[in-house]
Each structure stands twice: as C-alpha cells, then as structure tokens.
Amino acid sequence: MKKSTRPRGRPRRFDRDEVLDRAMTVFWSRGYNGASLDELTEAMRINRPSLYAAFGSKLELFLAVIDRYAVTFGCQPVAALQKETEPEAAVSAFLEASIRCVASPAGPKGCLLSTVAVEDAGEDEQIREKLSEIFAKTDQIIIDFFKSLKQDGSLSSGSDPQLIAHMLLAVTHSLAARARVGESREKLEIMAKEFVSGFFRFHCQSG
C-alpha cells in the first residue's frame, strides 16, 4: 500500500491582527499577571499549542499586543494632534482623542500602556524597554510637532515645545488613570478643557 504523503493535520491558520486584538482586550481588562492562559486562548479562539507556535510565550504575546495597541489605539491622539495647525486646537484634539480611547463605553477603561503595562514594567526588563521605546518615540513626535508650530510663528518665541509635550503627556496619563478607576467620560472632558484653557492662558500665548 502506498504511504500517504499528506500531513496528518493542518496548521491552524488565523489572522494575526484579529487574534492580537482579542488578546488585547483580555490584557487591557485583566493586566498581564491577571490574564490567564485559559482566558487568553478562549478569547483568541486558538489553543495553547497554536499560541506558543505563533508567539512563543505569554510574555512575547503581551509584547506583541503592546505593539499592536501602539499602532491602533495608541496612535489616535497623535494623529488627531497632527491634523491641527493651531496649538490650542491641537492640544484639545489630542486630549479628546485620548479620552475616547481610555473611556470608551465599548471597551476596557484606561490605557493599556500607561495604566496597565507599567504595572509590570518594574518586574520585567523587556516590558520596561518596550514601554520606554514607545514613550520616547511619542515624546519626540509631539516635541517636533510643537517645534514646527514655533518655527512658523503659531507659538510664541518663548514657548518650550518639550515642556508642552511633557505636560500634555502627563495630563493624558492622569486622565487614563482616572478612567481606569471609574471616572466618567464627562468629568474627564471637563478636566481636559480646564487644562487647555488654563495652560494656554498662562504659558502658551501665541504671537
């Protein structure tokens, strides 16, 4: 009898981004340590061998989820910022987009990076390095954006693009933390508007 050359089983195929998005919801809700492999595989709709074959380990899956978050939810505030040409409008757009991400009624609350992953950064060097890289890249994009506004005269000559960027990110991290513990979206929006009004009144007058 001729021996079959067909493989005994087909490797399970899946859309990597869809699987990462499902895993993201679990990690975002439960945190890295709180998310069990059973919860992850159930949400991802794959078995453990498939998870290990595709990602290597739970940690490597989490790192891949962080990257996926950065290019989906994480990039939305920066994209909103870069669409504006006036400083105050840009900051408002950045904060509004941030609030939409961290306080969406349809998803987990808070930020996967600044309110979830940072909890594990102190214990794992790879997570720490991944977050540091993403935060540094975001810092530089925002700094460069405000530098360009300063060069074309939209910001006063005495304005400090780095200070603006760092303060803006500090505010977004605070909003994310408050969203994580249940602050309403309406309250977050009020806080963001108050920050924009006060900051530009005292520190960032253009002209």
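Fair warning: this is a prediction, and the values are worked out from it, not measured in the lab.
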Checking Arg128 against Asp120 for the salt bridge (Lys or Arg N to Asp or Glu O under 4.0 Å) test, could you report, in this order, the C-alpha distance in whole Å, the side-chain angles of both residues, the deciding distance, and whether it holds? CA-CA 8 Å; Arg128 186 164 60 250; Asp120 304 288; over 6 Å; no
Checking Glu189 against Lys193 for the salt bridge (Lys or Arg N to Asp or Glu O under 4.0 Å) test, could you report, in this order, the C-alpha distance in whole Å, the side-chain angles of both residues, the deciding distance, and whether it holds? CA-CA 6 Å; Glu189 289 171 345; Lys193 289 178 181 177; 5.8 Å; no
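Ala117 and Ile66 get closest at one heavy-atom pair: CB-CD1, 4.2 Å. The two residues Gly110 and Ala179 have their closest heavy-atom pair at N-CB, 4.0 Å. Of all non-hydrogen atoms in Val116 and Trp28, the two that sit nearest each other are CG2-O, 3.7 Å. Of all heavy-atom pairs between Arg30 and Ala35, the closest is CB-N, 3.8 Å. Of all heavy-atom pairs between Ala64 and Arg16, the closest is CB-NH2, 4.0 Å. Heavy-atom minimum distance, Ser57 versus Tyr52: CA-CD2, 4.2 Å.
A donor-acceptor pair under 3.5 Å is absent between the side-chain atoms of Ser29 and the main chain of Val26, judged by distance alone. For the pair Ser92 (side chain) and Ala89 (backbone), a donor-acceptor distance under 3.5 Å is absent. No side-chain donor-acceptor contact under 3.5 Å links Ser159 to the backbone of Leu155. A distance-only check finds a donor-acceptor pair linking the side chain of Glu39 to the backbone of Ser36 [under 3.5 Å]. Ser104 places no side-chain N or O within donor-acceptor distance of the main-chain N or O of Cys101, the cut-off being under 3.5 Å. Under the 3.5 Å distance criterion, the side-chain polar atoms of Ser50 are left unmatched by any main-chain donor or acceptor of Ile46. Looking at Ser174, its side chain never comes within 3.5 Å of a backbone N or O of Ala170 through a donor-acceptor pair.
A heavy-atom distance below 4.5 Å is found between the side chains of Ile142 and Phe94. Using a 4.5 Å cut-off on side-chain heavy atoms (C-beta onward), His173 and Val118 make no contact. Two residues are said to be in side-chain contact when any heavy atoms from C-beta on lie closer than 4.5 Å; Ser154 and Thr85 fail this criterion. Side-chain contact between Arg100 and Gln76 is absent, with no heavy-atom pair separated by less than 4.5 Å. Taking the side chain as every heavy atom from C-beta outward, Phe27 and Leu40 approach each other to under 4.5 Å. Side-chain atoms of Val171 and Phe199, non-hydrogen and from C-beta on, never get closer than 4.5 Å to each other. The closest side-chain heavy-atom distance from Arg178 to Met191 is below 4.5 Å. When side chains are defined from C-beta on, Leu169 counts as touching Thr172, because their heavy atoms get closer than 4.5 Å.
Put simply, Leu81 and Phe200 are part of the same group of oily side chains (I, L, V, M, F, W, Y) that touch within less than 4.5 Å, one to the next. Hydrophobic clustering (ILVMFWY, side-chain heavy atoms < 4.5 Å, transitive): Met167 and Leu188 are in one cluster. Under a hydrophobic clustering in which Ile, Leu, Val, Met, Phe, Trp and Tyr are joined whenever their side-chain heavy atoms come within less than 4.5 Å, directly or via other members, Leu59 and Leu37 fall into the same cluster. Linking ILVMFWY side-chain heavy atoms closer than 4.5 Å, directly or via other members, places Ile134 and Tyr32 in a single hydrophobic cluster. Cluster annotation: Val78 and Phe145 are assigned to the same hydrophobic cluster (Ile/Leu/Val/Met/Phe/Trp/Tyr, side-chain heavy-atom contacts under 4.5 Å, transitive).
Using a 4.0 Å cut-off between a side-chain N of Lys or Arg and a carboxylate O of Asp or Glu, Lys130 and Asp67 qualify as a salt bridge. Looking at Asp160 and Lys150, no side-chain N of the basic residue comes within less than 4.0 Å of a carboxylate O on the acidic one, giving no salt bridge. Look at Glu18 and Arg22 and you find a salt bridge, because one of the NZ, NE, NH1 or NH2 atoms lies within 4.0 Å of a carboxylate O, short of that distance.
Atom CZ of Arg68 is surrounded by more than 12 heavy atoms from other residues, nucleotides or ligands within 6.0 Å.
Under 3.5 Å, the side chains of Gln151 and Ser148 contain no donor-acceptor pair of N or O atoms.
Taking the six-membered ring where the residue is Trp, Phe14 and Phe55 present parallel rings, their angle staying beneath 30° rather than reaching 60°.
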